[in-house]
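Below is one structure; the comments refer to it alone.
The structure displayed is predicted, hence computed values, not measured ones. Just so you know, these numbers use all the heavy atoms, side chains as well, and skip hydrogens, waters and symmetry mates. FYI, the numbering just counts along the sequence from 1.
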Amino acid sequence: MKKAILTVFGLVAMLTSIGATEMSGGKWNISLDEQSKRLTINFDGRTLMADAYCEASLDGQTLHSHEAETVSHDQKDIADCFGLGRQHILTYTMPSGAKFIQTFAFYDALPYFVVSLGVTKADGKTTCNYLAPLKSETRTTFMPRDNKNRVLFVPFDNDGFIRYASNYLRGTATDSYSATAIYNSVSREGLVAGAVDHYYWKNAIHVKGTDYYNLDELTLISGYTDSHSHDTIQSEGRSMPHGAVVADTVRSSRFVVGFFDDWRFGLETFGQACTRVAPRREWAGGVPYGWSSWGVQSTDISYQGVIDCADFIRDNLVPHGYHDLQGRVVMSLDAWWNDNLSDSQIRQFVSYCRENNMIPGLYYGPFCRFGDLQSTVPGTSNRYRFRDLALKVNGRYKIIDGAYCLDPTHPGTKMFMLSEVNKFKQWGIEYLKCDFQSNGAIEADRWYADTCYTGLQAYNIGMAYLMKRTGDDIYIDLSISPAFPYQYAHGRRISCDAWGTMGSTQYVMNCAGYGWWLSQVYVANDPDHMVMCMRQEAGGIQSEGANRARITSGAIVGAFLTGDNFSPNVTLHDDGQTGPNYYATSQARALDLLTNEDVNEIPRTCRSFRPVYGNASANGTQAEHLMTYETDRYVYLAVLNYQMVMPQAAEISFADLGLEVQNVGAIKELWMQETIAPTATGLRYNVPGYDARIYRIEKKSYAEGISDVQSSPFESQSIYDLQGRRLLRQPRRGLYITDGKLFNSK
């Protein structure tokens, strides 16, 4: 009897294995039930997704892989920009003859898998505007059973003062652009998913949970639009679905999916995965330091006012470490430079910058038109008017933030860009702040280029042209723009406009506290100009504590540009009336706060600080007040107090900062220049209302030369062939190898 029972068990096990296709790599196991044609995705014994499938829109219908008549499985070795691995291909044949081609790739040295979906019709070209490489609506419970689980919302761009959000995993769905993390703010473990291709598709991840710990829905989407991408603004009657790609086989973006002990590391690893596909643009000077006219001079910018500010920075701030890796500072002339300064004054300004080791910068908007559409377009020899370049949605010209949206693929737009960029280069401009970039990424009725199908594709075409024309000698800093694609620019503003109030600081830190990982794809996240004494209409003189907090937000985020007016020779106008000029107070505050060499060193030696916990508030849209960064020698802790009255006082353990107690050396608070005594297990901080402190903890032992401990061990961008031979150290955008051949994915 015992033998018979064992035989039955063996038969059941054999039949079960016959009905399932197993795909494995590292701690990952993906099982296809051949009867239901659905997938189960496990990581280290945990079920992350159950009854998963893929879907796509085809001929006006949404088709699902589990509706297929047949499914086949193939696999092969691969060597691409992610390294050596094994690819599994599932081909679903639909009743119509259409095929879904779902691929999973596992890599020997990476903690995530890569998934994508291709769709092809049985006959003729395929037209598709929505693909979901993975989707599950079956509940799984793999997170800790408590109320500390969050899901991250990442905005499409930084317009409209939009905020990131760390939402509770309950009830309301989160549709996060490009990437998300489902994580526990105490244990820090979590799932990270994100798209690594950003050429055709606006990508999103849909997440819905209940009871704080159940995951009810998870979908990876290529082809997503809503009001955040400026495509479904119902009040304007301009709702527009995502553009449809036309090809023999329409392919989604590739998505990486990983489960990490620390969700922060997971998001940084995602950023690094993107740079394997499209390496970020580097800049010899590293993070820019300097000044922007928009902070205070704004519409009253004048040549003498700019030179006065430059003189003050050169004589008083640069000697105390307020400069980039090459000892230079940016002088950025923002909007209204072309209204208030003549061409000859711009040339004089550039000459001054060259004589004083400064970087001359200007403001520019390549894809927007403020003004009428009847005017001829400069640089086109009167061939085009702006109405010829403007994009339409449902037959009407599209306006965002008061500006018409220009078609990046139109020859008139390119001629206009060429004319402007050539002028900038002839003048000697080395820094361009490019604003209203999102205007070039909208979905539209059509584009000039016949083979342009989507808004993001049009944006890629325009940005590639801009990068080609500016070359490598001009630093490109994006202002209002999509976060992805990133490879055409050196830096990007992490937020919308921010000045010097505590509200501005908190807003910047919301974006930086949840979007810090974008420093993996940009040289610098830009926290906008730091202003201490604003125009009277904007709030006037702020407290020293608020100034300290705002400068702290700059130092720990990335680009380090002040926006104060240091010139007595500028007449400021508030609501049309002459307003006060606070230059003397601005100078005094700068001499006190922008000459702190310990603080000034931070942007040169650190990327954006990461959040310690990631649980800022109940509604998840506020800002982290504890941010940290680790280098070879130090661990930094920045503490910001956004409350006016109550001090921010508590103890944080060294373990939460990733430090062993026995390796804790001297602790210095950088603003007050005080030595801090540790407790038995951690550090006690005390920050007054509307203020900030930065604690620098020196390690007793450390390895020289490891400048960025927060870099991932998976950051290498080498490409290997199937025999493991390294072919390229820094691959160009889109290069990969399959079956031993080098291809360009674009």
Point to revise | Steps toward side-chain hydrogen bond (donor to acceptor under 3.5 Å, both in side chains) verdict (Gln520, Gln272) | key: CA-CA 6 Å; Gln520 302 295 331; Gln272 293 154 14; 3.0 Å; yes
Check your understanding: How far apart are the closest heavy atoms of Pro611 and Trp516, and which atoms are they?
Key ->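 The answer is CD-CE3, 3.5 Å.
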Exercise for review: Can you see which heavy atom on Arg281 is nearest to which on Gly471, and at what distance?
Suggested key: NH2-O, 3.0 Å
Exercise for review: Determine, stepwise, if the pair Phe153 / Tyr514 fulfils ring-ring contact (aromatic ring centres under 6.0 Å, His included).
Suggested key: CA-CA 9 Å; Phe153 165 72; Tyr514 297 120; over 10 Å; no
Check your understanding: Which of these, Tyr224, Tyr177, Tyr459, Tyr164, sits in a ring pair (Phe, Tyr, Trp, His ring centres under 6.0 Å) with Phe156?
Key -> Tyr177
Salt bridge between [X] and [Y], side-chain N to carboxylate O under 4.0 Å?
{"X": "Asp300", "Y": "Arg535", "result": "yes"}
{"X": "Lys202", "Y": "Glu443", "result": "yes"}
{"X": "Arg604", "Y": "Glu601", "result": "no"}

Exercise for review: Scan side-chain atoms only and decide if Tyr183 and Ser166 contain a donor-acceptor pair under the 3.5 Å cut-off.
Suggested key: yes
Practice item. For Ser567 and Asp308, run side-chain hydrogen bond (donor to acceptor under 3.5 Å, both in side chains): C-alpha distance rounded to whole Å, both residues' side-chain angles, the deciding distance at 0.1 Å, then the answer. Key: CA-CA 5 Å; Ser567 170; Asp308 289 345; 2.7 Å; yes
Spatial distance of atom [atom1] ([X]) from atom [atom2] ([Y]) [nearest 0.5 Å]:
{"X": "Tyr486", "Y": "Ser178", "atom1": "OH", "atom2": "OG", "value": "11.0 Å"}
{"X": "Leu389", "Y": "Tyr404", "atom1": "CG", "atom2": "OH", "value": "13.5 Å"}
{"X": "Asp528", "Y": "Arg493", "atom1": "CG", "atom2": "CZ", "value": "4.5 Å"}
{"X": "Tyr488", "Y": "Met463", "atom1": "OH", "atom2": "CE", "value": "8.0 Å"}

Exercise for review: Mind telling me whether Trp517 and Phe270 have parallel, tilted or perpendicular rings, with 30° and 60° as the class edges?
Suggested key: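 Rings of Phe270 and Trp517: perpendicular, over 60°.
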Practice item. Evaluate the ring-ring contact (aromatic ring centres under 6.0 Å, His included) criterion for residues Phe312 and Tyr583: first the C-alpha distance (whole Å), next the side-chain angles of each, then the deciding distance (0.1 Å), finally the verdict. Key: CA-CA 11 Å; Phe312 177 81; Tyr583 84 93; 9.5 Å; no
Exercise for review: Compute the ring centroids of Tyr629 and Tyr636, then answer whether they are less than 6.0 Å apart.
Suggested key: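 No, ring centres 6.0 Å or more apart.
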Exercise for review: List the steps and the verdict of side-chain hydrogen bond (donor to acceptor under 3.5 Å, both in side chains) for Asn565 and Gln297.
Suggested key: CA-CA 6 Å; Asn565 172 50; Gln297 289 196 13; 3.1 Å; yes
Review point. Among all residues two or more places apart in sequence or in another chain, which pass the side chain to side chain donor-acceptor pair (under 3.5 Å) test with Ser438?
Key: Asp157
**Study point:** More than 12 heavy atoms from other groups under 6.0 Å of CG on Asp339
**Key:**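 Yes.
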